[in-house]
Amino acid sequence: MRVVMFGFQTWGHRTLEALLASSHDVVAVVTHPPGEGVYEKVWSDSVAELAEANGVEVIVRERPDDDELFDRLTELAPDVIVATNWRTWIPPRIFNLPRQGTLNVHDSLLPTYAGFSPLIWALINDEPEVGVTAHIMDDTLDAGPIVLQRAVPVGPRDTSADLFAKTLALFGPITVDGLAEIESGRTDFTQQDRSRASFFHKRAEEDLRVDWTWSAEELDRLVRAQSAPYPSAFCFHRGKRLEIVAARVSEANYGGTNGRIFYREGDGVAIVAGPEARRGRNRALLVTRVRTADGTELAAHDYFKHMGGYLTSRP
């Protein structure tokens, strides 16, 4: 089939690699201009460079809503559009233009975790598995009929980077296999159960803030979700920002006031946490590595010279 791909960053790059190695004819690639955001620099493989190296036309757009792009796509007459890690709204006249529609590849097990940062939210929420869904695009974001879906388990100490690596490996194969389903003439794709749908927003600075009333288990997942190469979860110590680089759940229960810098356990320092901390019924967050406001990273034992005092959510 004649394919136009809308894609960006490493997800788009891996998808384009798979399409170029397939039997399909990639006639053009639409991609975003390079960005300066933190997340855009982490997985930054260039779709444009890969396309150009393979003689594929490159069209750069922040938003694909202009007449010039629509006219060019009409001239190209693709059988199908593939969209992967496309960041802005694609209007119906674009995604309905190909005779086979548009196959969107999204990194969650739809209908849950539609929208943004699905893997990070899923890790925070203790989901047992994550995955990738290839679905036909329709008027509602990430809501169209499911062509294929593949899942991978979340390991007990996985970080967001681990989950990105696991799911990234699925993007190329599920795209090519999804196109095979479409090319076969199938139309009986699985309708999404909208009663199970959930839609999440982009992660922002406020979403990294540690709330010591969360359980230690929840805070452990937050730290792993916001681990390198992403911005770390943070709190404040003596009025200065302190990032939690690495942590786990304590072995013992610790009681008292939330945020109390309490006790050395193994290679970490136990910070009182949880909704029933005052009753001594919660584990603590055992902080093992921190980063100070000037960027210095330290083992918890080297930073917390003395026990006592508090970590707080705000200065």
Side-chain angles (χ1 to χ4, degrees), residues 9-11 14 37-44 84-85 87 105-135 141-142 149-171 174 196-235 242-250 268 271 273-275 282-291 297 300 311 313:
Q9 291 182 282
T10 301
W11 294 268
R14 296 293 174 84
V38 172
Y39 291 96
E40 291 181 351
K41 292 179 178 179
V42 172
W43 305 94
S44 58
T84 177
N85 198 40
R87 298 299 184 82
V105 184
H106 178 71
D107 51 347
S108 84
L109 298 174
L110 294 174
T112 58
Y113 296 95
F116 301 93
S117 306
L119 297 178
I120 295 177
W121 286 114
L123 179 53
I124 291 171
N125 292 334
D126 199 24
E127 298 292 351
E129 60 181 9
V130 294
V132 175
T133 302
H135 70 96
L141 183 61
D142 296 333
Q149 191 169 77
R150 288 173 182 162
V152 292
V154 177
R157 300 304 301 164
D158 273 350
T159 67
S160 56
D162 295 325
L163 298 186
F164 276 105
K166 287 181 181 182
T167 54
L168 181 61
L170 302 176
F171 267 72
I174 202 172
R196 294 179 51 240
S198 56
F199 187 86
F200 284 80
H201 61 76
K202 291 180 181 178
R203 300 287 295 171
E205 178 82 354
E206 183 62 25
D207 304 309
L208 314 183
R209 190 185 303 274
V210 172
D211 180 345
W212 295 104
T213 66
W214 285 21
S215 71
E217 291 79 7
E218 290 171 316
L219 291 175
D220 169 48
R221 293 194 299 270
L222 174 65
V223 170
R224 286 187 284 122
Q226 294 298 158
S227 62
Y230 299 97
S232 296
F234 72 90
C235 56
L242 184 70
E243 295 181 353
I244 309 298
V245 176
R248 64 180 184 272
V249 177
S250 69
I271 311 299
N282 296 150
R283 305 290 187 184
L285 184 70
L286 194 70
V287 175
T288 57
R289 294 197 69 80
V290 299
R291 184 180 298 113
E297 186 172 319
L311 298 182
S313 297

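Values in this document were obtained by computation on a predicted structure and should not be read as measured data.
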S.K.: Please check: side-chain N/O of Thr167 versus main-chain N/O of Gly131, any donor-acceptor pairing under 3.5 Å?
M.R.: no
S.K.: As an exercise, state the distance from CZ of Arg150 to CG of Leu170, rounded to the nearest 0.5 Å.
M.R.: 7.5 Å
S.K.: Are the side chains of Arg248 and Arg157 in contact, using a 4.5 Å heavy-atom criterion?
M.R.: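 Yes, side chains in contact.
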S.K.: For the pair Glu217 and Arg283, evaluate salt bridge (Lys or Arg N to Asp or Glu O under 4.0 Å) and give the outcome as yes or no after the intermediate values.
M.R.: CA-CA 8 Å; Glu217 291 79 7; Arg283 305 290 187 184; 5.3 Å; no
S.K.: Please report the closest heavy-atom contact between Pro229 and Ala161, naming both atoms and the distance.
M.R.: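 What the structure gives for the nearest pair is CD-CB, 3.9 Å.
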S.K.: Taking Thr159's backbone N and O only, do any of them form a donor-acceptor pair with Arg224's side chain (distance below 3.5 Å, no angle check)?
M.R.: no
S.K.: Taking salt bridge (charged side-chain N to carboxylate O under 4.0 Å, His left out) as the criterion, tell me which of Arg209, Arg203, Lys202 meets it with Glu206.
M.R.: Arg209
S.K.: At their closest point, which heavy atom of Ser108 faces which heavy atom of Ala114, and how far apart are they?
M.R.: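 Residues Ser108 and Ala114, closest heavy atoms: OG-N, 4.3 Å.
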S.K.: Which heavy atom of Ala225 sits nearest to which heavy atom of Ile124, and what is that distance?
M.R.: CB-CG1, 3.6 Å
S.K.: Between Leu242 and Leu311, is there a side-chain heavy-atom distance shorter than 4.5 Å?
M.R.: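 Yes, side chains in contact.
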S.K.: Only one of Cys235, Pro231, Ser232 clears side chain to side chain contact (heavy atoms under 4.5 Å, CB included) with Leu208; which?
M.R.: Pro231
S.K.: If the test is side chain to side chain contact (heavy atoms under 4.5 Å, CB included), which one of Asn282, Val287, Thr288 qualifies with Leu285?
M.R.: Val287
S.K.: Under the criterion side chain to side chain contact (heavy atoms under 4.5 Å, CB included), I'd like the reasoning laid out for Glu205 against Phe234: C-alpha separation, chi angles, the key distance, then a yes or no.
M.R.: CA-CA 9 Å; Glu205 178 82 354; Phe234 72 90; 3.9 Å; yes
S.K.: How far does CG of Asn85 sit from NE2 of His106, to the nearest 0.5 angstrom?
M.R.: 10.5 Å
S.K.: Can you measure from OG (Ser227) to CD1 (Ile244) and round to the nearest 0.5 angstrom?
M.R.: 13.0 Å
S.K.: Taking C-beta and beyond as the side chain, do Leu219 and Trp212 meet within less than 4.5 Å on heavy atoms?
M.R.: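 Touching, per the 4.5 Å side-chain cut-off.
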S.K.: Using modelled atom types only, decide if a donor and an acceptor are shared between the side chain of Gln149 and the backbone of Leu110 within a distance under 3.5 Å.
M.R.: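 A pair under 3.5 Å: yes.
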S.K.: So, Asp211 side chain and Thr213 main chain: donor-acceptor pair closer than 3.5 Å or not?
M.R.: yes
S.K.: A side-chain contact here means heavy atoms from C-beta on lying under 4.5 Å apart; do Phe200 and Asn125 qualify?
M.R.: yes
S.K.: Given Val130, which partner from the list Val152, Thr112, Asp107 fulfils the side chain to side chain contact (heavy atoms under 4.5 Å, CB included) test?
M.R.: Val152
S.K.: Are the side chain of Lys166 and the backbone N or O of Pro153 linked by a donor-acceptor pair below 3.5 Å?
M.R.: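 Yes; judged by distance alone, with no hydrogens or angles, the pair exists.
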S.K.: Compare every heavy atom of Ile174 with every heavy atom of Val132, then report the nearest pair and how far apart it is.
M.R.: O-CD1, 3.5 Å
S.K.: How about Trp121 and His201: do any of their side-chain heavy atoms sit closer than 4.5 Å?
M.R.: yes
S.K.: Mind listing the closest non-hydrogen atom pair of Leu123 and Val154 along with its distance?
M.R.: CD1-CG1, 4.1 Å
S.K.: With a 4.5 Å cut-off on side-chain heavy atoms, are Ile120 and Tyr113 touching?
M.R.: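 Answer no - side chains too far apart.
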S.K.: Got a second to check how far Glu129's CD is from Leu163's CG, nearest 0.5 Å?
M.R.: 11.5 Å
